[in-house]
**Student:** 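Next up is a structure, given as structure tokens.
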Amino acid sequence: MSSAHHYDYLIIGQGLAGSLLAWRLAQRRQRILVVDDGHATASSMVAAGLINPLAGMRFNHSPHVHQWLQTLEQTYGELAGLAGQPFLKRLDMVRLFRSAEQIRFYERQKDRGDTHDLLGQRLDADDFPQPVHAPWGGFEQYRTGWVRLPRLLAFMADWLRERNMLRNEKLSYEDLELQAGQLSWKEITADQVIFCDGYRSMHNPWFRWLPFAPDQGEILTLKRCGDAPLPDRIVNGATWLLPVDEERYRLGATHYHDRQDNRATEEGKQKLLAGMEALLRHPDALALEKNEAGVRPATADRQPFIGTHPELPRLHMFNGFGAHGSLTIPWYAQRMADWLLQAKPLPDNADIRRLAVKANH
Ligand SMILES: Cc1cc2nc3c(=O)[nH]c(=O)nc-3n(C[C@H](O)[C@H](O)[C@H](O)COP(=O)(O)OP(=O)(O)OC[C@H]3O[C@@H](n4cnc5c(N)ncnc54)[C@H](O)[C@@H]3O)c2cc1C
């Protein structure tokens, strides 16, 4: 098919998932069109972009973690070279224990051979190196940092637009027509469609059987307003604080499983400010600049939803990256491109086939 309006892939959503997958497919000479509604509900535009390979109360890590870290450095580095500006900022993290049990979890992880590059030394409560309250002490974490996501998305939007690969519009599922030979949407035809539309895919009529578990979160941006000492690394306890630059910090984040909108609330703000009071030795040195909210595309089993519809082979999903997209999406985008173009099997933990079997597809 040689029409100017025909594409190999129609990608719905230009958050981090749609952006990186589109870029990988375009690099491999696929004709793509990305459709996005101006980031109306992009959690990527709200997220702090933290990279934390040992997330969770037990500091466990995925067997893929070293592949994630290697691929993200390569991917964000390649994009930085293309854009002439950095997107990934490496910054060590200080983790705060919240109980004696967590100290045991740390000791257990420390004994493992595969965490020496991630897990640093234990930090005593009496001699804590950051100006925070740390009654249980904590430990140093390495290979952490954060990604400037809005800047990356803006660059990717320009990159796509310059190549006529981006359309700023909302796609309604009912306007997408599936015929035997191809798909059509308005005047556009495509061989395949990939949904990278974040939590809104929970309403996707072809993928109703995927158990999305959207997780709304609020986050604050704070401005320095005094000379009192403040952390110079990422501090992560019940609340986390990220130094963005000399002046600005981000503080997060809440989790609400019963909300699906991007409205920041007074309740969320007060909860986060109380967390800041409990965390910092000098909370008065920071003033609120803005509060924002977004919905994480989280899933019931906390694993991504990626792969192909079991009965409709032109429909694909690349989604479900929950609270850790900055860490995981670069690697999964490569796996997804390898699956689509070379039929290389997807990782079992992420492949939606695990759920298709349960849903009798
Ligand atoms: C408060 C908060 C803090 C977070 N902090 C972190 C963090 O520190 N580190 C981290 O890794 N992750 C964090 N996350 C999670 C992170 O946002 C996600 O993992 C990741 O950004 C998801 O990217 P995505 O592209 O899948 O989805 P999204 O970013 O949500 O992108 C989906 C895009 O599709 C568009 N879209 C949807 N439906 C349609 C349609 N029908 N037509 C056209 N366009 C459509 C949306 O407007 C949006 O632009 C946080 C999230 C929140 C809410």
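Counting starts at 1 for both ligands and their atoms, following the listed order.
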**Student:** Tell me whether W339 shares a hydrophobic cluster with F207, the cluster being built from Ile, Leu, Val, Met, Phe, Trp, Tyr side chains joined at under 4.5 Å.
**Tutor:**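 In one cluster with W339: F207, no.
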
**Student:** Test question: given the 4.5 Å side-chain rule for I, L, V, M, F, W and Y, name all other residues clustered with Y256, or answer none.
**Tutor:**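 Hydrophobic cluster check, Y256: no partners found.
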
**Student:** With atoms numbered from 1 as shown, which atoms in ligand 1 lie under 4.0 angstrom from a non-hydrogen atom of G322?
**Tutor:**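 The list of qualifying atoms is 15 (C), 16 (C), 18 (C), 19 (O).
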
**Student:** Measure the spacing between OH of Y9 and CD1 of I194 and express it to the nearest 0.5 Å.
**Tutor:**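 It comes to 6.0 Å.
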
**Student:** Does S172 approach ligand 1 within less than 4.0 angstrom via side chain, backbone, both or neither, non-hydrogen atoms only?
**Tutor:**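 Neither part.
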
**Student:** Of all the non-hydrogen atoms in the protein, which one sits nearest to atom 14 (N) of ligand 1, and at what distance?
**Tutor:**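 Of every protein heavy atom, A47 CB, 3.4 Å lies nearest to atom 14 (N) of ligand 1.
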
**Student:** Identify the protein heavy atom lying closest to atom 42 (N) of ligand 1, giving its residue, its atom name and the separation to 0.1 Å.
**Tutor:**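 For this ligand atom, the closest protein heavy atom is L171 N, 3.0 Å.
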
**Student:** To which of S43, G198, A55 does the heavy atom nearest atom 16 (C) of ligand 1 belong?
**Tutor:**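 Heavy atom nearest to atom 16 (C) of ligand 1 belongs to S43.
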
**Student:** So does R122 pair up with E140, basic N to acidic O under 4.0 Å?
**Tutor:**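 No.
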
**Student:** Could you tell me the residue and atom name of the protein heavy atom closest to atom 49 (O) of ligand 1, and the distance to it rounded to 0.1 Å?
**Tutor:**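 The closest one turns out to be D36 OD2, 2.7 Å.
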
**Student:** Do me a favour and list the nearest non-hydrogen protein atom to atom 31 (O) of ligand 1 with residue, atom name and distance?
**Tutor:**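 For atom 31 (O) of ligand 1, the nearest protein heavy atom is G15 CA, 3.4 Å.
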
**Student:** Considering all heavy atoms of both residues, which atom of D232 and which atom of L91 are nearest to each other, and what is their separation?
**Tutor:**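 The answer is O-CD1, 3.8 Å.
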
**Student:** Minimum distance, heavy atoms only, to atom 45 (C) of ligand 1: which one of L242, D37, N168 is it?
**Tutor:**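 Of the listed residues, D37 has the closest heavy atom.
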
**Student:** C196: heavy atom below 4.0 Å from ligand 1, yes or no?
**Tutor:**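 Contact present.
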
**Student:** Under a 4.0 Å threshold between the charged nitrogen and the carboxylate oxygen, would E107 count as salt-bridged to R104?
**Tutor:**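 Judged by the 4.0 Å cut-off on N to carboxylate O distance, R104 and E107 do not form a salt bridge.
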
**Student:** Using a 3.5 Å cut-off on N or O atoms only, is K170 in polar contact with ligand 1?
**Tutor:**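 No: no nitrogen or oxygen of K170 is under 3.5 Å from one in ligand 1.
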
**Student:** Should D338 and R335 count as an ion pair when the cut-off is N to O under 4.0 Å?
**Tutor:**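 Here D338 pairs with R335 in a salt bridge, since their nearest N and O are under 4.0 Å apart.
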
**Student:** Kindly assign one of parallel, tilted or perpendicular to the pair F305 and F212, based on the angle between their ring planes and the thresholds 30° and 60°.
**Tutor:**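 Aromatic pair F305/F212 classed perpendicular.
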
**Student:** Is the closest N or O pair between G217 and ligand 1 shorter than 3.5 Å?
**Tutor:**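 Such a contact does not occur with ligand 1.
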
**Student:** Can an N or O of A40 be found at a distance shorter than 3.5 Å from an N or O of ligand 1?
**Tutor:**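 For ligand 1, there is an N or O atom that lies under 3.5 Å from one belonging to A40.
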
**Student:** Does a salt bridge link R250 with E292, judged by any charged N lying under 4.0 Å from a carboxylate O?
**Tutor:**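 Salt bridge flag = yes for E292 with R250.
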
**Student:** With respect to N319, determine whether any N or O atom, backbone or side chain, lies less than 3.5 Å from an N or O atom of ligand 1.
**Tutor:**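 No, no N or O pair falls under 3.5 Å.
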
**Student:** Taking N or O atoms only and a 3.5 Å limit, does G49 qualify as a polar contact for ligand 1?
**Tutor:**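 Between G49 and ligand 1 (N or O atoms, distance only) the closest approach is under 3.5 Å.
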
**Student:** Name the closest protein heavy atom to atom 8 (O) of ligand 1, giving the residue it belongs to and the distance to 0.1 Å.
**Tutor:**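 Heavy-atom neighbour on the protein nearest atom 8 (O) of ligand 1: L50 N, 2.8 Å.
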
**Student:** Is the Lys NZ or Arg CZ of R161 less than 6.0 Å from the centre of W159's six-membered ring, within 45° of the axis?
**Tutor:**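 Negative - R161 is either too far from the ring of W159 or too far off its axis.
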
**Student:** Quick test of your reading of the model: are E187 and R167 salt-bridged, counting only N-O distances below 4.0 Å?
**Tutor:**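 Looking at E187 and R167, the cut-off is met.
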
**Student:** Using ring-ring contact (aromatic ring centres under 6.0 Å, His included) as the criterion, list what pairs up with F97, not counting sequence neighbours.
**Tutor:**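 Counting only residues at least two positions away or on another chain, F97 forms a ring-ring contact (aromatic ring centres under 6.0 Å, His included) with Y106, F139.
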
**Student:** How far is atom 36 (N) of ligand 1 from its nearest protein heavy atom, and which residue and atom name does that atom have?
**Tutor:**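 Checked against all protein heavy atoms, atom 36 (N) of ligand 1 sits closest to R200 NH1, 3.6 Å.
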
**Student:** Regarding atom 10 (C) of ligand 1: of the candidates A323, A157, A298, P297, which has the closest heavy atom?
**Tutor:**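 Shortest heavy-atom distance from atom 10 (C) of ligand 1: A323.
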
**Student:** Run the salt-bridge test on E218 and R296 with the 4.0 Å N-O cut-off and return the result as yes or no.
**Tutor:**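 Result for this pair is no, no salt bridge flagged.
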
**Student:** Can the ring centroids of F195 and H316 be said to lie less than 6.0 angstrom from one another?
**Tutor:**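 F195 vs H316: aromatic centres not under 6.0 Å.
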
**Student:** With a 4.0 Å heavy-atom cut-off (strictly under), which part of H324 contacts ligand 1: side chain, backbone, both or neither?
**Tutor:**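 Contact part for H324 vs ligand 1: backbone (N, CA, C, O).
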
**Student:** In terms of residue, atom name and distance, what is the protein heavy atom nearest to atom 34 (O) of ligand 1?
**Tutor:**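 Atom 34 (O) of ligand 1 sits closest to the protein heavy atom G13 CA, 3.2 Å.
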
**Student:** So, is A17 polar-close to ligand 1, with some N/O to N/O distance under 3.5 Å?
**Tutor:**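 Yes - when backbone and side-chain N and O of A17 are compared with those of ligand 1, one distance drops under 3.5 Å.
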
**Student:** Could you find the nearest protein heavy atom to atom 23 (O) of ligand 1 and give me its residue, atom name and distance?
**Tutor:**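 Going atom by atom, the protein heavy atom closest to atom 23 (O) of ligand 1 ends up being S44 OG, 3.1 Å.
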
**Student:** Applying a heavy-atom cut-off of 4.0 Å, say which part of E169 lies close to ligand 1: side chain, backbone, both or neither.
**Tutor:**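 Looking at E169 and ligand 1, just backbone atoms fall under 4.0 Å.
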
**Student:** Considering distance alone, does some N or O of R296 sit under 3.5 Å from an N or O of ligand 1?
**Tutor:**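 The answer is no, given that R296 and ligand 1 share no N or O pair closer than 3.5 Å.
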
**Student:** Has ligand 1 got any nitrogen or oxygen that is less than 3.5 angstrom from a nitrogen or oxygen of G325?
**Tutor:**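 N/O-N/O distance below 3.5 Å exists for this pair.
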
